[in-house]
**Student:** 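Okay, here's the structure, questions in a sec.
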Amino acid sequence: MSATSPAAVVVLAAGEGTRMKSKTPKVLHEISGRSLVGHVVAAARELDPQHLVVVVGHASEQVTAHLNAGDAVRTAFQAEQNGTGHAVRMGLEELGGNVEGTVIVVCGDTPLLSGETLGALAATHAADANAVTVLSAEVPDSTGYGRIVRDSTTGAVTEIVEHKDATDEQRAIREINSGVFAFDGRLLGDALGKVRTDNSQGEEYLTDVLSILREAGHRVGASVAGDHREILGINNRLQLAEARRLLNERLLERAMLAGVTVVDPASTLIDTTVTYERDAVVHPGTQLLGTTHLAEDSEVGPNSRIENTTVGTGARVDNSVTLSAEIGAGALVGPYAYLRPGTRLGAKAKAGTYVEMKNATIGEGTKVPHLSYVGDATIGDHTNIGAASVFVNYDGVAKHHTTIGSHCRTGSDNMFVAPVTVGDGVYTAAGSVITKDVPAGSLAVARGQQRNIEGWVARKRPGSAAAQAAQASSQETDGQS
């Protein structure tokens, strides 16, 4: 923990979010690879707090399960949503009551809030020795927001005035309250016990703590966010889309400054968990999702969805979808390929046009150029799989594995009926259905002998266009003989 690391961060995530008009709790809606509350928790963890607790209420089991899907997060249950002050009190009770040190309170629906801004709030709070420090922001239009009113001499916050209660002079103020606070933990615990519910909503308001502490002679200050957009809360789908756009712009800017070429940022999506190396290139219409990693000199897109995939140095993915796959250095994917989970494409290998792969390991330099399905298979190095090949892995009950060795040349329109093993250096004839193991160095031919029945069309389809064409061809041939 650093000198300014807070004793605790309390995240408020108990509300239902009815304006989202969704069966999904508001804080679980996702943008850029994380839920709304997930973004807030990630920002809070950057502060390295001694304690982190998320207050849950509506759909608490669902929210708690989501929070514990990765690194476990401590939660406090607010059975009835009796206001923000009540929610913070539930959070502190989960931590054993009063907390010594700085307590930061943040809303669970502010996904653009950065750890850097929260760190600046904590630093200002400590430096100014405040009882409360409000995270504020200067906005172009403050209509509808609570205004921060300061003492003209000391700069201390004297009050927060809601828009409906503000005078004309106060409405001209552009500094607004974000709903994010840093508190002296001991003073916060005492003040919460004095918060009343004699208001129109009958709730405990956290903002009442500010006036309680100020009237007791304690200083209330503010820390101004560098970018007012960070404090945006999400209440409906329009705001969700706007937050996604803003966060996507931030993430793409970070990637480009790190040396990634993004040809058209306006048509490119990137998750916050994506990583990359310099000189990677991203073409228009591409989505980079999940834990995807782009290695140096890799090139993806256009019009590709790359999810939870490692793209190796110098590899190329063109107009394709890859899900939980590994693409080796210098490998080629697409156009119009589909790599499903468990696919591991070796260095300089190829999954070409209209090729689908699933749970398949493809060796170095091996090529599956076009129109094929490779499922539950292992293929060695420098093998070529002919066009229109199918690895028949499912018998209606269970999946089975196919193994093909190195330096093989399999013919077009082959069926490999698993379980089957094809040895190194094998050739297979076009149109073969391989149902038995093939020893190394063999030629496998598994197809019926061709038989031509002459005159069949004239006898079975007399008068048809085919019969007429055959008759004309025959007459032409006879005339030339």
Side-chain angles (χ1 to χ4, degrees), residues 12 15 19 40 43 83-85 88 104-107 109-114 116-183 188 191 195-196 198-201 203-236 238-243 245-247 249-250:
L12 307 184
R19 282 178 282 177
V40 176
T84 52
V88 173
I104 290 180
V105 177
V106 60
C107 300
D109 63 352
T110 53
L112 299 177
L113 193 59
S114 67
E116 181 180 3
T117 295
L118 288 177
L121 170 66
T124 298
H125 181 74
D128 293 350
N130 293 328
V132 187
T133 306
V134 183
L135 178 64
S136 66
E138 294 187 358
V139 296
D141 181 4
S142 56
T143 302
Y145 291 98
R147 308 308 203 278
I148 300 292
V149 180
R150 293 178 180 262
D151 183 285
S152 59
T153 303
T154 65
V157 176
T158 59
E159 59 181 328
I160 298 175
V161 182
E162 295 303 320
H163 178 85
K164 64 180 183 298
D165 301 321
T167 64
D168 290 342
E169 182 180 359
Q170 289 169 336
R171 289 185 179 185
I173 297 172
R174 293 193 299 114
E175 185 180 7
I176 65 165
N177 172 32
S178 70
V180 177
F181 305 92
F183 293 95
L188 171 63
V195 172
R196 301 165 61 91
D198 54 350
N199 51 64
S200 61
Q201 299 298 317
E203 296 180 348
E204 300 176 30
Y205 292 149
L206 182 61
T207 49
D208 288 351
V209 170
L210 278 68
S211 58
I212 290 171
L213 293 178
R214 189 170 48 247
E215 289 170 5
H218 299 290
R219 190 178 192 277
V220 177
S223 174
V224 183
D227 184 346
H228 70 273
R229 296 174 298 182
E230 283 197 32
I231 70 170
L232 293 176
I234 308 302
N235 292 304
N236 56 49
L238 289 173
Q239 293 171 342
L240 186 72
E242 176 64 8
R245 182 186 67 80
L246 292 170
L247 183 54
E249 288 178 357
R250 180 195 297 175

**Student:** Quick one: does any side-chain atom of Q170 pair with a main-chain N or O of T167 as donor and acceptor, under 3.5 Å?
**Tutor:**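 Pair found, side chain donor or acceptor close to backbone of T167.
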**Student:** If we only count heavy atoms from C-beta on, is the V105 to V180 side-chain gap below 4.5 Å?
**Tutor:**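 Side-chain contact under 4.5 Å: no.
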**Student:** Looking only at heavy atoms, which two atoms of I173 and I148 are closest? And how far apart?
**Tutor:**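 Closest pair (atom of I173, atom of I148, distance): CG2-O, 3.6 Å.
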**Student:** On a heavy-atom basis, which atom in V139 and which in I176 lie closest, and how many Å separate them?
**Tutor:**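 Where V139 meets I176 most closely, the heavy atoms are CG1-CD1, 3.6 Å.
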**Student:** Would you check if the side chain of R19 reaches a backbone N or O of N236 as a donor-acceptor pair within less than 3.5 Å?
**Tutor:**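 Not at all, since once roles are kept as given, no pair shorter than 3.5 Å links the two residues.
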**Student:** Pair H218, V132 - check side-chain contact (heavy atoms from CB on, under 4.5 Å), show working.
**Tutor:** CA-CA 8 Å; H218 299 290; V132 187; over 6 Å; no
**Student:** Apply salt bridge (charged side-chain N to carboxylate O under 4.0 Å, His left out) to residues E159 and R147 and explain how you reach the verdict.
**Tutor:** CA-CA 8 Å; E159 59 181 328; R147 308 308 203 278; over 6 Å; no
**Student:** Is there a side-chain contact between E204 and R196 (heavy atoms, below 4.5 Å)?
**Tutor:**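 Counting from C-beta outward, E204 and R196 never come under 4.5 Å.
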**Student:** Compare all side-chain heavy atoms of V157 with those of V149 and state whether any distance is below 4.5 angstrom.
**Tutor:**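 No, every pair of side-chain atoms sits at 4.5 Å or beyond.
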**Student:** Any chance you could measure R219, atom CZ, to L213, atom CG, to the nearest 0.5 Å?
**Tutor:**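 One finds 13.5 Å between CZ of R219 and CG of L213.
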**Student:** For the atom pair CG (L113) and CG (L135), what is the distance rounded to the nearest 0.5 Å?
**Tutor:**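 One finds 6.5 Å between CG of L113 and CG of L135.
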**Student:** Measure the spacing between CG of N177 and CD1 of I160 and express it to the nearest 0.5 Å.
**Tutor:**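 Rounded to the nearest 0.5 Å, the CG-CD1 separation comes to 4.0 Å.
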**Student:** Check S142 against H163 and note the closest heavy-atom contact, atom names and distance.
**Tutor:**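 Residues S142 and H163, closest heavy atoms: O-ND1, 4.5 Å.
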**Student:** Taking all atoms of both residues into account, what is the closest heavy-atom pair of V224 and A137, and its distance?
**Tutor:**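 V224 and A137 have their closest heavy atoms at CG1-CA, 4.3 Å.
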**Student:** Do S114 and E230 pair up side chain to side chain, a donor and an acceptor below 3.5 Å, judged on atom types alone?
**Tutor:**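 Yes.
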**Student:** For V209 and A191, which heavy atoms make the closest approach, and how far apart are they?
**Tutor:**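 V209 and A191 have their closest heavy atoms at CG1-CB, 3.7 Å.
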**Student:** Determine the minimum heavy-atom distance between I231 and A225, stating which atoms define it.
**Tutor:**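 Of all heavy-atom pairs spanning I231 and A225, the closest is CG2-CB, 4.5 Å.
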**Student:** Can you tell me how far the CD atom of E116 sits from the CG atom of D227, to the nearest 0.5 Å?
**Tutor:**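 One finds 10.5 Å between CD of E116 and CG of D227.
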**Student:** I'd like to know whether V106 forms a side-chain contact (heavy atoms from CB on, under 4.5 Å) with L12, so could you lay out the CA-CA distance, the side-chain angles of the two residues, the decisive distance to 0.1 Å, and finally the verdict.
**Tutor:** CA-CA 6 Å; V106 60; L12 307 184; over 6 Å; no
**Student:** Find the distance between CD (E242) and CG (L232) and round it off to the nearest 0.5 Å.
**Tutor:**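 Those atoms lie 7.5 Å apart.
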**Student:** Side chains of T133 and N130: is there a donor and an acceptor less than 3.5 Å apart?
**Tutor:**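 Checked: T133/N130 side chains pair up, N/O donor to acceptor below 3.5 Å.
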**Student:** Could you check if a side-chain atom of T207 sits within less than 4.5 angstrom of a side-chain atom of F181, using non-hydrogen atoms only?
**Tutor:**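 Yes; the side chains approach each other to less than 4.5 Å.
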**Student:** By the definition side-chain contact (heavy atoms from CB on, under 4.5 Å), identify the one residue from D109, I234, N235 that meets it with L240.
**Tutor:**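 Only one of D109, I234, N235 forms a side-chain contact (heavy atoms from CB on, under 4.5 Å) with L240, namely I234.
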**Student:** Give a yes or no on whether the backbone of C107 and the side-chain of T110 come within a donor-acceptor separation of less than 3.5 Å.
**Tutor:**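 The answer is yes, because a donor-acceptor pair under 3.5 Å joins these two groups.
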**Student:** Would you say Y205 and L210 make side-chain contact, with heavy atoms under 4.5 Å?
**Tutor:**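 Sidechains of L210 and Y205: no contact.
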**Student:** Could you grab the distance from atom NE2 of H228 to atom OH of Y145, nearest 0.5 Å is fine?
**Tutor:**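 Reported value, rounded in 0.5 Å steps: 8.0 Å.
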